[in-house]
Every structure is written in structure tokens, then in C-alpha cells.
Amino acid sequence: MGKWWQETVFYEIYMPSFKDGNGDGIGDFKGLREKIPYLAELGIGGVWLTPFYPSPKVDNGYDVSDYYAVDSDFGTMADLEAFIAEANAYGIRVIADMVVNHVSTEHAWFQEARLARDSPKRDWFVWQDTPNNWESFFGGAAWEWDALTEQYYYHSFAKEQVDLNWRNEEVVREIWNVFDFWLDKGLDGFRLDVINNLTLTRNFPDNPVDVNGEQVHIFDKDQPGMDLKMAEIGAYIREQGDYFTVGEISSDKLSDIEKYAGNDGLDVTFNFNFGSVTSRDGIVAELSRMQEVYADGRMPTLFFGSHDMSRSWNRLADGREEVAQMLAMLMLTAHGVPFVYFGEELGMADFVPDSVDAMRDVRGIYAYDLELAAGRTADEALKVAQDKTRDKARAPMWWPEGFSQGATWIGEVPPDFERGRRMFAFYQALIALRKTTDFCEHGYQSFDVDGTLLTYVRGDYLVCLNFGETHEMRNRWGDLTEILANQTIVFDVKTVKLPENAAVIFKVGK
Ligand code: NOJ
Ligand code: CA
């Protein structure tokens, strides 16, 4: 038997947007706890909570100011513990985001470090007298002048998110304490934020710039020693017990992504070249590459949404239910660990802020300011910001009774409950099927791509996904029984006719 996480469907909960329990317009543990029966009904086995630690929320919690507490917006430590206990009672495990590449500039460690060049915490961060050309991943310079001690500190994201120096052994030991603290609270593992970005170097060569004038992030991630550091992190957590680690790797190259997954690294890593693509065209090709790379028994991750990208309903499904269902079938039946993004199981759509005032995401607001500074008009700047803002996927969950009794922290998207019911039923049936069949115990017995048609066999099941126009194929499997389909499929012993965007699972007879 494999590890528990190899059979688990995870569900990402964006903390501020899932369910408000106290009427202040922000999601919290009280609300979350009320919705555990919903999650159990859907059938998921694990939730990933985005950061709930105290934070000034420049980047909505990805700027942690205290690693050992719960932000009062989300409730108390007791609320979190009650949530974990109840989720576990429903058979749901809980993993949490761990943001250990950087801390908030309001964190006590940085407050102490910035006081003097000989502060005991000085070396916990990365300082330079002269900055190189590195840009932050949100745009703009990655170095910020700190007037008191007249040096620049390094921040790979917003200037309020200062990078930790992972060469410093005290930092590493402190982070082990952080891991221990949360595992003792009953968490089942971690999602490690931008974990290949850890600063390990003392050399700061300029990054190259491409023909479009865009910086190519080469030297500011995957630094020398990163493989060993990843192995050390993975090993440390594994030593503590039967925990699960998933790494967010800031790269879109499968070779960079897969090398950190497995026994010499974290359990699994996210592949953004699969999950965050902007059209359906590349999906089948990338999945083919994944099944080759992971044929050695390790597992890829499967997802089409997160809090950092536009919702798959708009980005990949063009607002069409049968396409959204086809993607769901792929995600929940292919070989890998699936991550459903909250609301995706209802066909939730993007929220596009119509002004910069309605924008909440630091990345969108940064983009707006940078465009204005570059001489663009307010309208032009807004368009760029609307494209870049991650607010799109952060609007509140569609609950029949509403998300909150009060005014929500971010704009809402009008719900379509009929669509939600149909989508939910489809997801639920797929997740249930995984439990009654042997999907999870097998890799692929066969995996075939014929143009835009993808077919694979796992155990006794044949999955057909038609990414193109109506397709008729020879029935090579003989005795087929349809188990679940998103459209009407016509088949007999000789042929199978699949309409455009059809997705079907057959049981294959002997
Ligand atoms: C990745 C997170 O998913 C994103 O939301 C955040 O802004 C960056 N890491 C920085 O922590
Ligand atoms: Ca609240």
C-alpha cells in the first residue's frame, strides 16, 4: 500500500474567501468549520490552507509577521485546533502553507536586524551596499534602501516581504522549530511557498535581460546548493512522521520541477507549465511529458487553478461546462496528486475589478503603478493591472446563504447555483469513483495521444478525453461499460464516437 497522500484529493482553501463566520467580511476558521460537512460531501481527503499567521497582509498573508500564532482576522489558536480536530473526524487531513523564503518587514526578526549592522539578527537577511539588477517577481527592483544602516535589503517579492538568508544556520534551526510547532498542532504537512527561491548565495551576478527587455530570473532562484537544501527540508519533515510536503517551484520547466520531487526532496512539486497554462492546447503534450518523467513511481501534481491565476472556468474552459468537466475528469483520473481550487467544483468564474480602487492584490496594484510611472494613461494602466491581478480567483465562495453577513473584503461574482449543482455532482462522482476503483494504485497501463484525443487505461478503467472536434475511434478494448461521461457517447464493440470536448470513463471487460 502506498502513502496516504498518494490517494488523496486535496482542496485549496484561500483563507479570506472561503466562509466568513463572524460577519466582518473576511473568511475565518469559524466559517471554515461550518463547511466541513460540505467538504466531506464533495469527498476530498485533504485541505491546503493558505497562510493564517499574523500578517500585515501586504500580500494577503504571504508576509508573515509571527510564525507561532493565528491572525485575529481568522480567529484564535483554539479555533484552528477545533477546525483541525473536526476535519480529522470527517476523515479530512489538513496541510498548511509555509512561507519560509521571506518574512514581513514587520516581523520582530527583521525589526531587530535593521537596527544596526552588528545586530545579532543582521545575517538572518540579505544585505548589500550596492544592489545588482535583480527584479522582484512582482516587478520593480528587488533591493530596498534601508536608511538607518545605509544598506539595501533583498526582497524577491514585495518590498514588505524581506528574504531570509538560508545560509545562516540559526535561520534554518528556527524554521525547523516552526515546522515542529505546527506539526505538533496536528497538521499533516505543508505546502512550501516558492521553496526553490531560498537565498543561499554570496555571489550576486546580474540576471540577463531578453530581447523584449524582460529580466530572465536565473541567478535569483535554484541557487547552488538548492538541491541539498531541498533534500534537507524534505528529510527533516519526513523524520518527524508520516507527513506530506508539496513544493511550489517557481519555474515552468519540468526538469527543474521534477528534480525536487521524490525521496531526495519533497514528496511532490507543482508544475505550473501544466496547471497555469493559458490555453488548452499544451495540456495533453505536457501530461505526456509528465507520464514519461514520473514513470519511475514518483507522482506529479494535477491542478488547473490556484489563488495566483485566473480561474480555469475562464482561462481554460471558455465558460463552457463540458470543457470544465473534461478538465475535472483529467485532473481526477490521471496519475498524480490532484488539487481542486475552492469553487472550481461549482464552476466559479473570474472576478475582474473594474477600477484600481476595487483591486486588492499587491501584484495588480504594483503593475498599475509601474505602468503609470512608465507614462501610460490610467486606462492603459488599468488594463495591464486587470490582466496581472490575482484578484480574479480570490472572490468569495458561492454559498447558497451567502459568504458573509457583512460587506466582503473583495468584490463578489454573481453565483450561478444551477451550474454549481451540476458541476458539484460531476466532481463528487469522480472523487467517489476514485475510492471505489483502483485508479490510485496504478500508474498507466497504456497512455495514447491521437491528435487531440487522449486515452489512458488505469487498472480496469479506460478514460477518453477528446480535446478536439467529434472523433470516431476504433474500439480496441472490446467490452466497454460506460461509468461516467459529460456528454452522450455512442459506442459499440467496434467504434466509439466522442463529441467535441467529450470525457468518458469506461470499465473494460475481460
Ligand atoms: C506564491 C504564493 O502562492 C503567492 O500568492 C505569493 O504572492 C508568493 N508566493 C510570495 O509569497
Ligand atoms: Ca470573519
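Predicted model only: the values in this text are computed from it and were never measured. Both ligands and their constituent atoms are indexed starting at 1 by order of listing.
Around the Ca ion (ligand 2), the protein N, O or S atoms found under 3.0 Å comprise Asp20 OD1, Asn22 OD1, Asp24 OD1, Ile26 O, Asp28 OD2.
Between Lys19 and Glu401, at least one side-chain N (NZ, or NE/NH1/NH2) sits under 4.0 Å from a carboxylate O, which counts as a salt bridge. For Asp267 and Arg238, the salt-bridge test passes: some basic side-chain N is under 4.0 Å from an acidic carboxylate O. Taking a cutoff of 4.0 Å between a charged side-chain nitrogen and a carboxylate oxygen, Asp318 and Arg280 qualify as a salt bridge. The pair Asp59-Arg390 counts as a salt bridge, with a side-chain nitrogen and a carboxylate oxygen less than 4.0 angstrom apart. A salt bridge does not link Lys229 to Asp227: none of the charged side-chain nitrogens sits closer than 4.0 Å to a carboxylate oxygen.
Ranking the protein heavy atoms by distance from atom 5 (O) of ligand 1 puts Asp308 OD1, 2.7 Å first. At the shortest separation from atom 1 (C) of ligand 1 among protein heavy atoms lies Asp193 OD1, 2.9 Å. Of all protein heavy atoms, the one closest to atom 7 (O) of ligand 1 is Asp59 OD2, 2.5 Å.
Residue Val194 has at least one heavy-atom neighbour below 4.0 Å for each of these atoms of ligand 1: 9 (N). Short contacts between ligand 1 and Glu248, defined as distances under 4.0 Å to a heavy atom of the residue, involve ligand atoms 1 (C), 3 (O), 9 (N).
Contacts of Arg191 with ligand 1, taken as heavy-atom pairs under 4.0 Å, involve the side chain alone. Contacts between Phe138 and ligand 1 below 4.0 angstrom, taking non-hydrogen atoms only, involve the side chain exclusively. Counting heavy atoms under 4.0 Å from ligand 1, residue Arg390 touches it through the side chain alone.
Taking the six-membered ring for Trp and the full ring otherwise, the centers of Trp48 and Tyr341 sit at least 6.0 Å from each other.
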Can you give the donor-acceptor pairs under 3.5 Å from side chains of residues 102-110 to other protein atoms, not counting sequence neighbours?
from   : atom 1 : to     : atom 2 : distance (Å)
His102 : NE2    : Tyr62  : O      : 3.1
Ser104 : OG     : Glu106 : N      : 2.9
His107 : ND1    : Trp109 : N      : 3.0

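Judged by distance alone, with hydrogens and angles left aside, the side-chain atoms of Arg33 form no donor-acceptor pair with the main-chain N or O of Gly21 at under 3.5 Å.
Judged by the 6.0 Å distance and 45° axis criteria, Arg360 is not positioned over the aromatic ring of Trp409. A cation-pi geometry, defined here as NZ or CZ lying under 6.0 Å from the six-membered ring centre and within 45° of its normal, does not hold between Arg394 and Phe342.
Contact annotation: His102 has at least one heavy atom less than 4.0 Å from an atom of ligand 1.
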